[in-house]
Amino acid sequence: MRIISEKALQMPASPIRKLVPYADKAKSNGKKVFHLNIGQPDIDSPKAALEGLKNFDETIISYTHSEGTLAYREALANYFTNRNIHLRPENFIATLGGSEALLMLFSIICNPNDEIIIPEPFYANYNGFTCNNEVKIVPVVSTIENGFALPSIEEFANKITDKTRAILICNPGNPTGYVYSKEELTQLKDLVLKHDLYLIADEVYAEYLYTDKEFTSILSFDDLKENAIVIDSESKRFSLCGARSGALISRNETFLKAAMKFAQARLSPCEISQYIATQAHNNPGTYFEDCREEYLKRRDILVNGLNEIPGVFCPTPKGAFYCVAQLPVDNAEKFAIWLLEEFQDNQETVMVAPAAGFYSTPNSGLQEVRLAYVLNENDLRRSVELIKLALESYPGTKR
């Protein structure tokens, strides 16, 4: 008999993708499904990237250096310089999206059974990436009542043990859209320096803020030179999800030398993906400004519409393009499946991501869903209408 590893048995299914078979069946039955479950923007990738793809004229698709092409890493360094963060190409290891960066990261800084402290809810795949590396997530719970603000620093301090290797945050947050202030980040900085831990920031949504305050990267703290690691990606920045381009970023030379071993073991990142991302960086035009304006309109349509539904509570996100809503239902996953299996209005329904999968604490987020405002305005309005109608007829709605 062939044996499946304990790791494989423990690997969690994606809360974003595990309901796909239900959506596929709904579509095969003639339903139109509005996908609020996944952060796949419908905004075009930058023209410079698409033109670069068309004009790529190499006769051989080659390996690149394991750390990525110099052109791509220079483009990344220039991008951060424009944000007043001064880095060199040597501070970047190009990766296959932010996902490979995270997988590498946990392999580099953790031994089996080491611990990473993460405020939850958090990006669901942190559960999978840590499971893959036999690393334990130690959650610090944030709550929907205060918009998922950073929990007290004492709660983080109380979780630190001799197994703790890092504190990991997603800023702006997926799934919450929360943006950590400079004051909150300073508290985390002081704590990791006190205990000589890494501070890891998943900053892949850094361009998409909807406040008057500037985004604060952990790379802007000079005294975190040895402790700061940033996860970067082009997926959401440039609507290049399928290109799988990203990077590990640090000024810690020991960390970067170790990262290179893992980069060499997987040979190289994709040459074409790096090329088109480089073109996008070198010719961004007004792309970010245009996208921010569009996402802000979409956020307000979705969040304001949800909060007008009786029994629904949805704090207003300050960044990224997600929100978490609390629904008046018995169980959000049951509701999500019911939406796809049994509900329809004029042969239309909605797909949402149950938020329980964005927690590691059992039985958390059971009445919450994550929604992505990546659809056009008309589709978002229709999606809100469908959710309202569904809640009116769902057998498990709390009345």
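In this chain, numbering begins with 1 at the start of the sequence shown. Computed from a prediction, not measured in an experiment: that's the story for all the values here.
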For [X] and [Y], does a side-chain donor sit closer than 3.5 Å to a side-chain acceptor?
{"X": "E234", "Y": "Y72", "answer": "yes"}
{"X": "T81", "Y": "N78", "answer": "no"}
{"X": "E120", "Y": "S364", "answer": "no"}
{"X": "E368", "Y": "Y359", "answer": "yes"}
{"X": "Y322", "Y": "Y205", "answer": "yes"}
{"X": "N174", "Y": "R370", "answer": "yes"}
{"X": "N127", "Y": "S360", "answer": "no"}
{"X": "N376", "Y": "D379", "answer": "yes"}
{"X": "E184", "Y": "Y178", "answer": "yes"}
{"X": "R83", "Y": "Y79", "answer": "yes"}

If the threshold is 4.0 Å, N to carboxylate O, is there a salt bridge linking [X] and [Y]?
{"X": "K136", "Y": "D114", "result": "no"}
{"X": "E385", "Y": "K388", "result": "no"}
{"X": "R298", "Y": "E377", "result": "no"}
{"X": "R266", "Y": "E100", "result": "yes"}

For the [atom1] atom of [X] and the [atom2] atom of [Y], what is their distance to the nearest 0.5 Å?
{"X": "N84", "Y": "S217", "atom1": "CG", "atom2": "OG", "value": "11.0 Å"}
{"X": "S383", "Y": "E348", "atom1": "OG", "atom2": "CD", "value": "8.5 Å"}
{"X": "S245", "Y": "L96", "atom1": "OG", "atom2": "CG", "value": "8.0 Å"}
{"X": "D290", "Y": "I43", "atom1": "CG", "atom2": "CD1", "value": "9.0 Å"}
{"X": "H65", "Y": "S268", "atom1": "NE2", "atom2": "OG", "value": "10.5 Å"}

Closer than 3.5 angstrom, by distance alone: can the side chain of [X] be matched with the main-chain N or O of [Y] as a donor-acceptor pair?
{"X": "R237", "Y": "V204", "answer": "no"}
{"X": "S273", "Y": "A243", "answer": "yes"}
{"X": "K27", "Y": "K32", "answer": "no"}

*Are the side chains of M11 and N132 in touch, meaning some heavy atoms are under 4.5 Å apart?*
yes

_Could you walk me through whether E154 and K159 satisfy the salt bridge (charged side-chain N to carboxylate O under 4.0 Å, His left out) test, starting with their C-alpha distance in whole Å, then the side-chain angles of each, then the deciding distance to 0.1 Å, before giving a yes or no?_
CA-CA 9 Å; E154 290 75 22; K159 302 284 187 179; over 6 Å; no

*Could I get the full list of side chain to side chain donor-acceptor pair (under 3.5 Å) partners for K25, not counting sequence neighbours?*
none

*Check whether the ring centres of F129 and Y126 lie less than 6.0 Å apart, and answer yes or no.*
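Between F129 and Y126, the centre distance exceeds or equals 6.0 Å.
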
*Can you tell which of I387, L375, D345 makes a side-chain contact (heavy atoms from CB on, under 4.5 Å) with R382?*
D345

*Residue among L188, V140, D190, T186 satisfying side-chain contact (heavy atoms from CB on, under 4.5 Å) with I153*: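 Looking at L188, V140, D190, T186, the match for I153 under the side-chain contact (heavy atoms from CB on, under 4.5 Å) is L188.
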
